[in-house]
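Have a look at the structure below before the remarks.
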Amino acid sequence: MRNAPIGVLDSGMGGLGVLHALRRAMPHERFLYFGDNANAPYGPRPPEEIQALTLRTAHMLMERGVKALVIACNTANSAAGELLKERLPIPVVGVEPDLEDAHACAGGKRVVVFATQATLALPLYQGLRKRLCPDAISIPAPELVMMVERGVLSGAEPEVFFREKLRPWPLEEIGAFVMGCTHFIFLHGALSAVAPGVPIFDGVTPVIASLREALAQADALAASGEGSAELLTSSDDPEVYARMRVLLAAEP
């Protein structure tokens, strides 16, 4: 069990930022990553379709013998996270918008959340917002997903997007940003260039803590050995796999 891989799933390439952080925090673990690039993005899809796609990927990873599953996609976790926790016999950990830490850090200022349409509309985010940060500004950002899928991680395109979306609010009134989509982890630099000094929360730190705790309770933590990461994709485009390897090597 300790030597079995940990499954990491995402709608495409965004979860590679989560995988990067997981490998850094848990260097002895083997990871098996699946990006459903052929069906990306998930954000515009109806919840039932997102759920079906996520369940299909989870079962495929189960067949590969994973000992735990990380849903490295806010949209997939919002639509199918609770269902997978009920159905799968292994620990399931999902990333979600980190409104709690952002609200605590903002010091009474505005919290701005960038996410997909589905994440912002589904009950998980709505419940978090109502309970933790009812005044949060929710901004749909499907364009950012496709920027990352195309490998555009910096420069004029993402900076112009952030600048235009933030135009209604003076930057001095913003106390924290929440990246409610794991694709956006790769755009921290672009957002910081537009709003320097404003803290950014992406939900990865809580995922690492939850995964480590779940594996420790199951006595399934890898204590030694060299870790690894195997990348899989539903796309038959060789350029997709090449970009995946580049993103995994990048420092989010």
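This structure is a prediction, so every number in the text was calculated from the model and none was measured.
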Pick one: which of V204, L211, T205 meets side-chain contact (heavy atoms from CB on, under 4.5 Å) with I208?
V204
Please confirm whether the backbone N or O of S228 pairs with a side-chain atom of R30, one donor and one acceptor, at under 3.5 Å?
no
Filter on salt bridge (Lys or Arg N to Asp or Glu O under 4.0 Å), then keep only pairs touching residues 209-228, sequence neighbours left out; what's left?
R2-D219
Side chain to side chain contact (heavy atoms under 4.5 Å, CB included) involving A222 - partner list, sequence neighbours excluded:
H28, E29, K67
For Y42 and D36, test the side chains for any donor-to-acceptor distance below 3.5 angstrom and give the result as yes or no.
yes
What residues, two or more places apart in sequence or in another chain, satisfy salt bridge (charged side-chain N to carboxylate O under 4.0 Å, His left out) together with R56?
none
Sorted by chain and number, sequence neighbours left out, salt bridge (charged side-chain N to carboxylate O under 4.0 Å, His left out) with E239 holds for none
For residues 196-207, the salt bridge (Lys or Arg N to Asp or Glu O under 4.0 Å) pairs (sequence neighbours left out) are none
E49: partners by salt bridge (charged side-chain N to carboxylate O under 4.0 Å, His left out), with sequence neighbours left out
R45
CG of L144 to SG of C181: how many Å apart, nearest 0.5 Å?
8.0 Å
Which residues share a salt bridge (charged side-chain N to carboxylate O under 4.0 Å, His left out) with K130, sequence neighbours left out
none
So how far is it from I200 CD1 to C105 SG, rounded to the nearest 0.5 Å?
11.0 Å
In the hydrophobic clustering (ILVMFWY, side-chain contacts below 4.5 Å, transitive), which residues join V178, or is it alone?
L99, V111, V113, L120, L124, Y125, L128, L132
Can you run down the salt bridge (Lys or Arg N to Asp or Glu O under 4.0 Å) pairs that involve residues 139-154, sequence neighbours left out, and say none if there aren't any?
R150-E157
I need the I139 CD1 to K165 NZ distance, nearest 0.5 Å.
7.0 Å
Pairwise distance CZ(R110) to CZ(F177) - rounded to 0.5 angstrom:
12.5 Å
Separation between CG (D10) and OG1 (T57), nearest 0.5 Å, reads 9.5 Å
Are the side chain of S11 and the backbone N or O of A40 linked by a donor-acceptor pair below 3.5 Å?
no
What distance separates C133 SG from D101 CG, expressed to the nearest 0.5 Å?
11.5 Å
Can you list the other members of the hydrophobic cluster that holds V66, where links are side-chain heavy atoms under 4.5 angstrom apart?
L9, L32, F34, L55, M60, L61, M62, L69, I71, L83, L84, L88, I90, V92, L232
Restricting to pairs with a member in residues 228-237, which pass salt bridge (Lys or Arg N to Asp or Glu O under 4.0 Å), not counting sequence neighbours?
R64-E230
Just jot down the ring-ring contact (aromatic ring centres under 6.0 Å, His included) partners of F114, sequence neighbours excluded, or say none.
F162
Which pair of non-hydrogen atoms, one from F186 and one from L16, has the smallest distance, and what is that distance?
CZ-C, 3.9 Å
